2 protein chains.
Amino acid sequence: MADSTVYRASTTAPVNIAVIKYWGKRDPQLNLPTNSSLSVTLSQSDLRTLTTASCSASYTGPDTLLLNGAPQDVSGARTQACFRELRALRSALEASDATLPKLSTFPLRIASENNFPTAAGLASSAAGFAALVRAIADLYALPASATELSRIARQGSGSACRSLFGGYVGWEKGSLDDGSDSLAYEVAPASHWPQMRAVILVVSAAKKGVSSTTGMQATVATSSLFPARANETVPRRMREMEDAVRNRDFDAFAKVTMKDSNSFHATCLDTEPPIFYMNDVSRAAVRAVECINAAAGKTIAAYTFDAGPNAVVYYLAEHESEIAGVFKALLGDKDGWTGSRGAAVQENKDGLAKIDDKAAAALKDGVSRVILTGVGEGPISVDSHLIDGKGEVVQA
Amino acid sequence: MADSTVYRASTTAPVNIAVIKYWGKRDPQLNLPTNSSLSVTLSQSDLRTLTTASCSASYTGPDTLLLNGAPQDVSGARTQACFRELRALRSALEASDATLPKLSTFPLRIASENNFPTAAGLASSAAGFAALVRAIADLYALPASATELSRIARQGSGSACRSLFGGYVGWEKGSLDDGSDSLAYEVAPASHWPQMRAVILVVSAAKKGVSSTTGMQATVATSSLFPARANETVPRRMREMEDAVRNRDFDAFAKVTMKDSNSFHATCLDTEPPIFYMNDVSRAAVRAVECINAAAGKTIAAYTFDAGPNAVVYYLAEHESEIAGVFKALLGDKDGWTGSRGAAVQENKDGLAKIDDKAAAALKDGVSRVILTGVGEGPISVDSHLIDGKGEVVQA
């Protein structure tokens, strides 16, 4: 009879929003990118995935994964690659120390929960794969560093590699065919520049457009402007952005962030057929940020858009009134202002008066909720488990 | 006492819509472009400027220009450049033949009328400057060819140089500093491929965005993707497009047209700050064309967008039902179906059923009028004058 011990480890992992965008794979199997990228890890108080990984000799059947209570298909190549890599590392440990239980041979039972609405169109796969990899690594007691784990998480979802770190995170594209040098690294910890804030304007009816996996490969295959972005523009901006973060230079950070978002969406538009992720509501958010910066006489807010219409607006805490306060004056009736961050924001009606009327109307009409957050930490081990000591899935 | 003879010449000139876009000047004074471009001249039955140029020793005061009854400022460098160049050519004629009246020394009195709503946001400056230059050249009895006049019209408005020819027209960017080799040329006359049609979807509330003069120089100055477009993409597409026209290859014509429009708007988006000419209605037009082509199983329609949200959809006469018929079924209640072209179109409800619902709704909501037209001839001398024999402005 099999040992009924259930081994467990739980972790939370953050969402990250890139300021230099990942778009294009040079190797779709290994998720090796055509260019390096850089992101801000967002606070897990606001956005996080909690994952419990468990295994037991008493488990029967295949590996399973439950997300928000719903069974997920783990047979895909990406999830399988993560399982395989992590089991191989565990197996090597077991081979070197015969006293270790043979966890690598046990079925995995994994449960995950997001603390944010999945319908919001926020790239949850980054937090999801980062949590999955970190939880299994903890379960297996792997001595792997976040950098080593980033190599594995990358194979699950490219941008997941950046969610293994807090703060300001780079992803070096690497040049080796096996991807062993395509790794995430810390540019600066959250504590280096903790004042960074973000307000996310979630655009309603954000019907899923072209998936990023499909879209980015279409761009690589058909955009005549894409090589200039990947080979020239991004390498230069990576250096500029790393300098901006190190120097806590918000003006440079903001300008490069906006330019890179626009550059990324430009290559989407240059794809055949064209890919449009931004819509008229997104454009209104661009306009609102332009109005905010014009009113301030300097660049105090920076927009960026992922593969969807939602706007993420970065700013520093000292300018909360001029950014979050304006959006609260405009969008105070939308979901998202009730948390401690949202409640603390004072409506700024004077600031709202500086926003172009048409842009304000489009945002009021098109934004369904806001999320207030800021720079935050990387994955955190927790004792709050989604799977109990008998292997049953429970509420955390 | 001055001779009271009033010398007159009248011409009509067409609008042209580029399929390889002009965007960016290497010399803003001379309107010398960063890349070559190619357009289809549209029929003057549907869209044209009528211009009468007159001069007389009895005229007093400065040169004047009336457009649709309203006095225009002719003191700008662009209009002045056209007047100066044309007078210089006339002056040379007069110098070589003393019997010629000294028209070059007389004030000019010019009147113009467009047969289309100026509010439609159709680039009327091309037709306007082409008609102005052609009318004055006729007034002066200049032996200049259309190619020579294109050099002058270019200085008034870049794309005007292409409106001096009918059919399919290239504009070679040239390389000389004085612009003497930056000229328009006929790729093929309208008679070579007379089946080309266009339906223009005029988008309502098309508030004028960034002017193309301002916008293109901002793109040149700030877009990191623009050099790839100007130096690599467009030269290749010019060759592809000329081949497509010569071979009457609509599939190639359409694909290059759509790609080039998207490439142009991509560089606008990549400008700092970003320039958005296309809006959600424009994107719906893109989607509708994609649906039409998917339903046909081949590329029978091609969209293109100038510096504004209006869609121009090119197609061949044999596919009128599948394109114009579908738009009539959708937009039959809008202005523009009453002329002989519009009345002849049969509503195609089966075709409309193939259009994405959301795109159809956005077009129904956002398109204010349609213009049905097709490839047409270059400027035509007419006897219908806007200025009478006494120098008074009249109705044509």
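Because the structure is a prediction, the values reported are computed rather than measured. Throughout, protein chains are lettered first and strands after them, A, B, ... in sequence-line order, and every chain is numbered starting at 1.
Annotation: maximal heavy-atom pairing with chain B below 4.5 Å, among A:Cys268, A:Pro273, A:Ser263, occurs at A:Ser263. In terms of non-hydrogen atom pairs under 4.5 Å with chain B, the most contact-rich of A:Arg283, A:Arg229, A:Lys255 is A:Arg283. Here A:Asp280 is the residue among A:Asp280, A:Val286, A:Asp270 with the most heavy-atom pairs under 4.5 Å with chain B. Counting heavy-atom pairs under 4.5 Å between each of B:Ala228, B:Ser223, B:Ser224, B:Pro227 and chain A puts B:Ser224 at the top.
When the options A:Val220, A:Thr213, A:Leu32 are evaluated for a side chain to side chain contact (heavy atoms under 4.5 Å, CB included) with A:Lys25, the one that passes is A:Thr213.
For B:Phe305 and B:Tyr277, the distance between ring centers is not under 6.0 angstrom.
Looking at B:Met258, there are no atoms closer than 4.5 Å to chain A (heavy atoms on both sides), in backbone or side chain. Residue B:Arg287: no heavy atom, backbone or side chain, is found under 4.5 Å from chain A.
Atom CG of B:Asp357 is surrounded by 12 or fewer heavy atoms from other residues, nucleotides or ligands within 6.0 Å.
Note on A:Glu232 versus A:Arg236: no salt bridge recorded, every NZ/NE/NH1/NH2 to OD/OE distance being 4.0 Å or above.
Taking the six-membered ring for Trp and thresholds of 30 and 60 degrees, A:Trp23 and A:Phe264 have ring planes inclined between 30 and 60 degrees apart.
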